[in-house]
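Before any comments, here is the structure.
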Amino acid sequence: MISTQAWADAQRLWDFQQMGHEPSPCSVAVGLGSHDLGVADTTVDLYRRGMMPVIVFTGATSRTTRERMPRGEAEHYRERAIELGVPSDAILVEPRARNTGENIRFSRALLEERGVPVSSALLVSKPYEERRAYATARKLWPEVEWVSASTPMAFAEYVDAIGDPHLVIDMLVGAQQRLMVYPRQGFMIEQAVPENVAAAYERLRTSGFTSRLLADSMT
């Protein structure tokens, strides 16, 4: 059973991860590969709204996507977008990235190779990773104006969609830890963490929501 306090703490982490950016027209969209095809769907929706002329889907496979997406996350995203009506020549595929840093670095290299000028970018991620993705992109490609985006949905909706509440809270705790640890390692920009968010993270970690934590960090 997940306690009322744990639910409230998880909601606080979820809310903190949301950047609250309003989508606006950008040079390109970068869709970060994962198990969640909703990232592709949201990217397609932004394309239909005229928010960008070019999409980059980026991602190889991971232990959680190897069976469901054997051709790679970016390739499955591309196939989904084409099914939904996006022309294939509007989509670039970056198939090698295995973490968020590589998503940004490899997408940048691909766009430069193709001669696509980029001054702004819509960064499309899972809802609970908006802030982490944004902080990484700002660190690794600071010349670009980044606008965060994800599938608009409430925390309870996302839990229902995944079907595993404990796993979702574990992922929230892991995302929060990285926001606190990775700036010191040079992987993302530093962001202020409100005291109530830090306290919620500590309570969840103490309560055993630890499967997505970095094993070599005490934070």
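This chain uses plain numbering: 1 for the first residue, then up along the sequence.
- Counting only N and O atoms by type, the side chains of Gln191 and Arg131 include a donor and acceptor under 3.5 Å apart.
- Residues Val168 and Val197 fall within the same hydrophobic cluster, defined by Ile, Leu, Val, Met, Phe, Trp and Tyr side chains chained together at heavy-atom separations under 4.5 Å.
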Subject >> side-chain contact (heavy atoms from CB on, under 4.5 Å) assessment of Gln18 paired with Ser150 >> reply: CA-CA 9 Å; Gln18 307 292 299; Ser150 65; 4.2 Å; yes

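- Residue pairs meeting the side-chain hydrogen bond (donor to acceptor under 3.5 Å, both in side chains) criterion with at least one partner in residues 139-148, sequence neighbours excluded, do not occur; the list is empty.
- Considering only heavy atoms from C-beta on, Val44 stays 4.5 Å or farther from Tyr77 through its side chain.
- Atom CD1 of Ile91 sits about 8.0 Å away from atom OH of Tyr47, to the nearest 0.5 Å.
- The shortest side-chain heavy-atom distance between Val173 and Thr210 does not fall under the 4.5 Å cut-off.
- Here OG1 of Thr58 is found 14.5 Å from CZ of Arg108. Values are rounded to the nearest 0.5 Å.
- A heavy-atom distance below 4.5 Å is found between the side chains of Leu204 and Leu13.
- Ring centers of Phe57 and His76: at least 6.0 Å apart, outside the cut-off.
- The hydrophobic clustering, which links ILVMFWY residues whose side-chain heavy atoms are closer than 4.5 Å, places Val144 and Leu111 together.
- Summarising the geometry, atom CG belonging to Leu37 is positioned 10.0 Å from atom CD belonging to Glu73; distances are rounded to the nearest 0.5 Å.
- Of the possible polar contacts, one joining the Arg178 side chain to the Gly174 backbone as a donor-acceptor pair under 3.5 Å is found.
- Residue Ile55 is not grouped with residue Ile104 when hydrophobic side chains (ILVMFWY) are merged at heavy-atom distances under 4.5 angstrom, including chains of intermediate members.
- With respect to Arg203 and Asp9, a salt bridge is recorded, a charged nitrogen being found less than 4.0 Å from a carboxylate O.
- Inter-residue side-chain proximity for Val28 and Leu122 is flagged as unmet; no heavy-atom pair is nearer than 4.5 Å.
- Lys126 meets the side chain to side chain contact (heavy atoms under 4.5 Å, CB included) test with Ser34, His35, Asp36, Val39, Tyr128, Glu129, Tyr158; sequence neighbours excluded.
- In this structure, CG on Leu179 lies 9.5 Å from CD on Glu190, to the nearest 0.5 angstrom.
- Not a single donor-acceptor pair under 3.5 Å links the side chain of Gln11 to the backbone N or O of Trp7.
- Thr42 and Thr151 are linked by a side-chain donor-acceptor pair at a separation below 3.5 angstrom, with hydrogens and angles left out of the test.
- Contact check for Leu32 versus Leu123: side-chain heavy atoms found under the 4.5 Å cut-off.
- Proximity of Arg48 to Leu84: side-chain heavy atoms (C-beta onward) are separated by under 4.5 Å at one or more points.
- Side-chain heavy atoms closer than 4.5 Å link hydrophobic residues (I, L, V, M, F, W, Y) into clusters, and following such links, even through other members, never connects Val116 to Met51.
- Rounded to the nearest 0.5 Å, atoms CZ (Arg105) and OG1 (Thr100) are 10.5 Å apart.
- Looking at Met188 and Leu140, their side chains never come closer than 4.5 Å, going by heavy atoms from C-beta outward.
- At a threshold of 4.5 Å between side-chain heavy atoms, the hydrophobic network of Ile, Leu, Val, Met, Phe, Trp and Tyr places Phe187 and Met19 in two separate groups.
- A salt bridge between Glu79 and Arg71 is present, with a side-chain N of the basic residue lying under 4.0 Å from a carboxylate O of the acidic one.
- The one candidate from Val30, Thr43, Val147 that meets the side chain to side chain contact (heavy atoms under 4.5 Å, CB included) condition with Met52 is Thr43.
- One distance of note links OG1 of Thr136 with CZ of Arg138; it measures 11.5 Å at 0.5 Å rounding.
- Put simply, the side chain of Arg78 does not reach to within 4.5 Å of the side chain of Leu92, judged on heavy atoms.
- A tilted orientation is assigned to the rings of Phe155 and Trp14, their planes being inclined by 30° to 60°.
- Between the side chain of Glu94 and the backbone N or O of Arg96, at least one donor-acceptor pair lies under 3.5 Å.
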